[in-house]
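All values reported here derive from a predicted model rather than from experimental measurement.
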Amino acid sequence: SIRRQRQMCIRDRITDAPKFKWRGMHLDVCRHFFPKEFVKKYIDYLAMYKMNTFHWHLTDDQGWRIEIKKYPKLTEIGAWRNGSMLGHYTEERFDSLKYGGFYTQEDIKELIAYAAERHITVVPEIELPGHAQAAIAAYPQLSCTGNSIEVAKGWGVFDDVFCPKDETFTFLEDVLSEVIVLFPSEYIHIGGDECPKTRWKECKSCQSVIKKNGLKDEDGLQSYFIRRIEKFVNSKGRKIIGWDEILEGGLAPNAAVMSWRGIEGGISAAKQKHYVVMTPGSHCYFDHYQGEPKNEPLGIGGFTPVEKVYAYQPIPKELSASESKYILGAQGNLWTEYINDPQHVEYMALPR
């Protein structure tokens, strides 16, 4: 009888392992801020689903959420805005309530340790060269104009971005040095998306950098910016990952790519033998509606039901077997322009 039970146990044993190295989920805490205890709960959800990567979007136009000791104004000024957008973006309505918050370095250490206990790596995102209005509100000299501006109240893309001058790179290297000490992750996310070139085209300093370095245009200047940051991050023993706009003007030598504007960026990067995380908006943006919009909380748009998410296959058929090895995995993204409390986060993230 005992022998028969043993045979049954052996026969019914399941041996399983994940197909992908990167099983990620993202949370934007810039458009709306979420307290430390909820971030822990969010990490618990990821662990329940056997995810192993938490992409933490910590800086943007609407708020700087990470304490940087060398630059206290980033949280004294950059973590707070004097109002927020009401309703949908198209309505152009705002309140006038001061809004914000940030995580201290002690908070961040605690959350990284909490995630590590659950076998989850926390990847920080420090946005550059675009989505920088909160940082520029704190330190106007980082922009092309030097003008005083506010932390952004509305959603969208803004023209005031980091100016690629030595002072800016010193600032960013100082910030990234503190970030790298805090976060043990192999990758540091540097954003790289949605960077308008309006200010760069009008800036004498930017045009001088283009000419001095033999760059073709402002796309080349963005590539120069990313490459310079990558060289610094590599010098600290880490790697950069960025949204697929970092392909524009030429990909930095060791960079990994998050393919969000479809799958084409991921295909291009993999063919160039760069590692890729697939996260196309069509399947992996969980701020999109998951049901009939008239029956759902206000959202940015789109329609991404559970069935569509679950059916997604991260490896594009356009890649050969050898190229497919560069697909690290997939990630769901949760942007929070229209999500302002933990319960809404849970509703949008689960079960997708």
Engineer: State whether a side-chain donor-acceptor pair under 3.5 Å links W243 with E125.
Structural biologist: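 Distance-only check passes for W243 and E125.
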Engineer: For E91, give me all partners under salt bridge (Lys or Arg N to Asp or Glu O under 4.0 Å), at least two apart in sequence or on another chain.
Structural biologist: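 In terms of salt bridge (Lys or Arg N to Asp or Glu O under 4.0 Å), with neighbours along the sequence ignored, E91 is linked to R93.
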Engineer: Provide the full list of salt bridge (Lys or Arg N to Asp or Glu O under 4.0 Å) pairs with a residue in residues 177-196, sequence neighbours left out, each pair given once.
Structural biologist: K21-E186, E186-K239
Engineer: OG/S268 to CD/E318 distance, rounded to the nearest 0.5 angstrom?
Structural biologist: 12.0 Å
Engineer: Is K73 salt-bridged to E76, going by a charged N under 4.0 Å from an acidic O?
Structural biologist: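 Looking at K73 and E76, the cut-off is not met.
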Engineer: Going by salt bridge (Lys or Arg N to Asp or Glu O under 4.0 Å), name the residues that satisfy it together with K69, two or more places apart in sequence or in a different chain.
Structural biologist: E67
Engineer: Looking at E92 and K153, is there a salt bridge between them, counting it only when a charged N and a carboxylate O are closer than 4.0 Å?
Structural biologist: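 Salt bridge between K153 and E92, a charged N being under 4.0 Å from a carboxylate O: no.
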Engineer: For ring-ring contact (aromatic ring centres under 6.0 Å, His included), just list the numbers for F54 and W56, CA-CA rounded to whole Å, side-chain angles, deciding distance to a tenth of an Å, and then say yes or no.
Structural biologist: CA-CA 6 Å; F54 172 39; W56 202 4; 5.8 Å; yes
Engineer: Checking W260 against E245: is there a side-chain donor and acceptor pair closer than 3.5 Å?
Structural biologist: yes
Engineer: Could you check whether any side-chain heavy atom of T336 comes within less than 4.5 Å of a side-chain heavy atom of V29, counting everything from C-beta outward?
Structural biologist: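 Side-chain contact under 4.5 Å: no.
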Engineer: Under a 3.5 Å cutoff, is there a donor and acceptor pairing between the side chains of Y99 and N82?
Structural biologist: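 Y99 vs N82: no donor-acceptor pair found between side chains.
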Engineer: Identify the residue among D219, D159, D217 that makes a salt bridge (charged side-chain N to carboxylate O under 4.0 Å, His left out) with K197.
Structural biologist: D219
Engineer: How far does CZ of F162 sit from CZ of F225, to the nearest 0.5 angstrom?
Structural biologist: 6.5 Å
Engineer: When you compare the side chains of D107 and T104, does any donor N or O come within less than 3.5 Å of an acceptor on the partner?
Structural biologist: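 There is such a pair (donor and acceptor under 3.5 Å, judged by atom type) between the side chains of D107 and T104.
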Engineer: Can you label the angle between the F169 ring and the Y224 ring as parallel, tilted or perpendicular, going by 30° and 60°?
Structural biologist: perpendicular
